[in-house]
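Okay, so here's the structure we're looking at.
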Amino acid sequence: MEGLLAVFGEYDLAFHGISRDQMVISLCIGYATALFVGTFLGILSDLIGQRKVSLLFCLLHLFVAIWRRVTGHPSIWLASICLSLASTIFFFNFETWMVVEHDKLEQRQDSVNDMFWLMTFVESASFIGSQVVGNWLIGGHEKTSLLAPSSAVVIMALSALAYVSRGWKEDPKSILLKDYQTKFRTYILSDKRVWLLSWTQATIHFSIAVFWITWAPIIVADGREVLLGLVYPCVLGAKMLGSTAFSWFSSGPLSLRTEECLVYACIIMGFVTSVVAFDYQDVEILLMLFCIFHACVGLVLPSLARLRTMYVPNDLRGGMMSLSIAPSNALMLFLLIQRGFYQNIENSTIIAMAALGLFSAAGCMYMLKRLGKQPHQNWHKL
């Protein structure tokens, strides 16, 4: 659903007469929504249950797709608000729900770890599939068929709503807000390790956001002709490949402590991003760097999920995840305003900031490794 509504990106907006300034405004509105509303959706998920928030995710996509199908193109600002909230929910809710369900079934820890990299793998595969399906639905007749992907989203959203609402049951939540706040202060705000983990997640989230906003302008700079539709599946394929390496580093022949693996991955991502920030002109080298970056992302995301399982109680996981990306959303909003409206900052500077954030994430993981000399907590056993 997310891929079909976003795969055509700026082309879809330009086709409907949306100007550059309007695109920038829509991005700002999206990040502002994620910052001021999405930050608290994780807490809501912990309090009312992941199933209900998953239904909200489906309803948001269904609303945008139906409105787009009926009106031809919905308000860009309203669509940005809805899809931004849906993306935020996608980030924290399904991982939290999967971990909770694994706990109910008393699955082994190895099974949970496999689930993390499989979720990253299938997510990337789904985005590639959405590109294939979107192009097939349009079939070379964009003037008459550009709305066809919305029809597919309606069908998938209705199917997901039916399955989640009827085919899945969830135990009612009994925790009160006051008790939740007390527990959150005790296990999240008072734990240095969770702060280090949260900062790492924020820097990774920021670097990924910077990539997806700047990759197209970088690769087509100076009038270079590049088929962006071929670059998109390449980088996602690299992410899939990186996710498969997680099992090798976590419990396979190349077994490493998770924090140590993240130190190396963040350093590599930082160096790759630094090279891109220097405005490298060779398209082949750029594509290679993009693939290396996303291969590391595929390894980093399940590794962070594993650390959350070690340090964060399941009934606080959604709140911790949504709050951890608030600094990233705030910084992205500030940079979009500075770059999009005032031209006070260059793309290379933004990318360099992402590189610095990744190096700081490597430092955080090194400190977490030092703090984690004592046996790891595992909230699956508490």
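- Centroid-to-centroid, the aromatic rings of Phe290 and His294 stay 6.0 Å apart or farther.
- In this structure, OG1 in Thr203 is found 11.0 Å from CG in Leu356, a value given to the nearest 0.5 Å.
- For the atom pair Glu2 CD and Leu83 CG, the distance stands at 7.5 Å (nearest 0.5 Å).
- Ser84 places a side-chain N or O within 3.5 Å of a backbone atom of Gly30 that can act as its donor or acceptor partner.
- The two atoms that bring Ala355 and Ser274 nearest to each other are CB-OG, 3.5 Å, heavy atoms only.
- Proximity of a side-chain donor or acceptor of Ser322 to a complementary backbone N or O of Thr39 within less than 3.5 Å is detected.
- Put simply, OG on Ser207 and CE on Met269 are 4.5 Å apart, with the number rounded to the nearest 0.5 Å.
- Linking ILVMFWY side-chain heavy atoms closer than 4.5 Å, directly or via other members, places Leu241 and Leu262 in two distinct hydrophobic clusters.
- Environment of CZ in Phe334: sparse, with no more than 12 heavy atoms of neighbouring residues, nucleotides or ligands closer than 6.0 Å.
- Hydrophobic clustering places Phe184 together with Leu177 (ILVMFWY residues linked when any side-chain heavy atoms are closer than 4.5 Å, directly or through intermediates).
- Counted within 6.0 Å of CH2 on Trp212, heavy atoms from surrounding residues, nucleotides or ligands total more than 12; the atom is thus considered enclosed.
- Lys104 meets the salt bridge (Lys or Arg N to Asp or Glu O under 4.0 Å) test with Glu101, Asp171; sequence neighbours excluded.
- Residues Met332 and Val37 share a single hydrophobic cluster, defined by chaining ILVMFWY side chains whose heavy atoms lie under 4.5 Å apart.
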Q. Yes or no on side-chain contact (heavy atoms from CB on, under 4.5 Å) for Ser303 and Phe116, after CA distance, side-chain angles and deciding distance?
A. CA-CA 8 Å; Ser303 299; Phe116 291 144; over 6 Å; no
Q: Let me see the working for Met240 and Val122 under side-chain contact (heavy atoms from CB on, under 4.5 Å), right down to the final yes or no.
A: CA-CA 8 Å; Met240 294 170 64; Val122 175; over 6 Å; no
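- Here the side chains of Met156 and Leu4 are in contact, with some heavy-atom distance below 4.5 Å.
- Distance CG/Leu44 to CD/Gln50: 10.0 Å, rounded to 0.5 Å.
- For Phe94 against Ser54, the heavy-atom pair with the smallest separation is CE2-OG, 3.7 Å.
- Arg306 and Thr258 share a side-chain donor-acceptor pair at under 3.5 Å.
- Between Leu62 and Phe57, the closest side-chain pair of non-hydrogen atoms is not below 4.5 Å.
- Within the 4.5 Å cutoff, no side-chain heavy atoms of Phe246 are placed close to those of Asp114.
- Using the six-membered ring where Trp is involved, Trp215 and Phe211 have ring planes that are parallel, under 30° apart on the 30 and 60° scheme.
- Side-chain atoms of Ser45 and Asn93 form a donor-acceptor pair, as typed in the model, at a separation below 3.5 Å.
- Salt bridge present: Arg308 and Glu95 bring a charged side-chain N and a carboxylate O closer than 4.0 Å.
- Residues Val153 and Trp136 fall within the same hydrophobic cluster, defined by Ile, Leu, Val, Met, Phe, Trp and Tyr side chains chained together at heavy-atom separations under 4.5 Å.
- For Trp199 and Ser360, the side-chain atoms include at least one donor-acceptor pair closer than 3.5 Å.
- Side chain of Gln131 to backbone of Gly229: a donor-acceptor contact under 3.5 angstrom is found.
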Q | CA sep, side-chain torsions, deciding dist, call: Lys239, Phe121, side-chain contact (heavy atoms from CB on, under 4.5 Å) | A | CA-CA 7 Å; Lys239 183 178 176 182; Phe121 183 92; over 6 Å; no
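- The same ILVMFWY cluster, assembled from side-chain heavy atoms under 4.5 Å apart, contains both Ile213 and Ile29.
- Panel note: side chain Ser80, backbone Ile76; no donor-acceptor pair is recorded below 3.5 Å.
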Q: Take Tyr311 and Tyr187 through the ring-ring contact (aromatic ring centres under 6.0 Å, His included) test and state the conclusion after the steps.
A: CA-CA 9 Å; Tyr311 296 122; Tyr187 294 109; over 10 Å; no
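- A heavy-atom distance below 4.5 Å is found between the side chains of Cys234 and Leu287.
- Between Thr88 and Phe92 there is a side-chain heavy-atom pair separated by less than 4.5 Å.
- Side-chain contact between Thr309 and Arg317 is present, with heavy atoms from C-beta onward closer than 4.5 Å.
- Among all heavy-atom pairs drawn from Leu368 and Leu196, the shortest one is N-CD1, 3.8 Å.
- Taken from CG in Leu27 to CD in Gln22, the straight-line distance is 12.5 Å, to the nearest 0.5 Å.
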(Q) Under the criterion side-chain contact (heavy atoms from CB on, under 4.5 Å), I'd like the reasoning laid out for Cys266 against Phe359: C-alpha separation, chi angles, the key distance, then a yes or no. (A) CA-CA 6 Å; Cys266 289; Phe359 287 130; over 6 Å; no
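- Proximity of a side-chain donor or acceptor of Asn314 to a complementary backbone N or O of Val100 within less than 3.5 Å is not detected.
- When every heavy atom of Thr200 is checked against every heavy atom of Cys364, the shortest pair comes out as OG1-CB, 3.5 Å.
- Proximity of Leu358 to Ile204: side-chain heavy atoms (C-beta onward) are separated by under 4.5 Å at one or more points.
- Side-chain contact check for Gln181 and Arg185: no donor-acceptor pair (N or O, by modelled atom type) lies under 3.5 Å.
- With hydrogens and angles left out, the side-chain atoms of Arg339 and Asn347 include a donor and acceptor closer than 3.5 Å.
- For residues 325-336, the set of pairs meeting the side-chain hydrogen bond (donor to acceptor under 3.5 Å, both in side chains) definition, not counting sequence neighbours, comprises His205-Ser328.
- Rounding to the nearest 0.5 Å places OG of Ser26 at 11.0 Å from OH of Tyr31.
- At least one side-chain heavy atom of Leu335 sits under 4.5 Å from a side-chain heavy atom of Ile345.
- When all heavy atoms are compared, the tightest approach of Leu137 to Ala152 is CD1-CB, 3.9 Å.
- Taking all atoms of both residues into account, the shortest heavy-atom contact from Leu336 to Cys28 is CB-SG, 3.8 Å.
- Counting non-hydrogen atoms of neighbouring residues, nucleotides and ligands closer than 6.0 angstrom, the OH atom of Tyr180 exceeds 12 such neighbours.
- Within the 3.5 Å criterion, the main-chain N or O of Gln338 finds no donor-acceptor partner in the side chain of Asn344.
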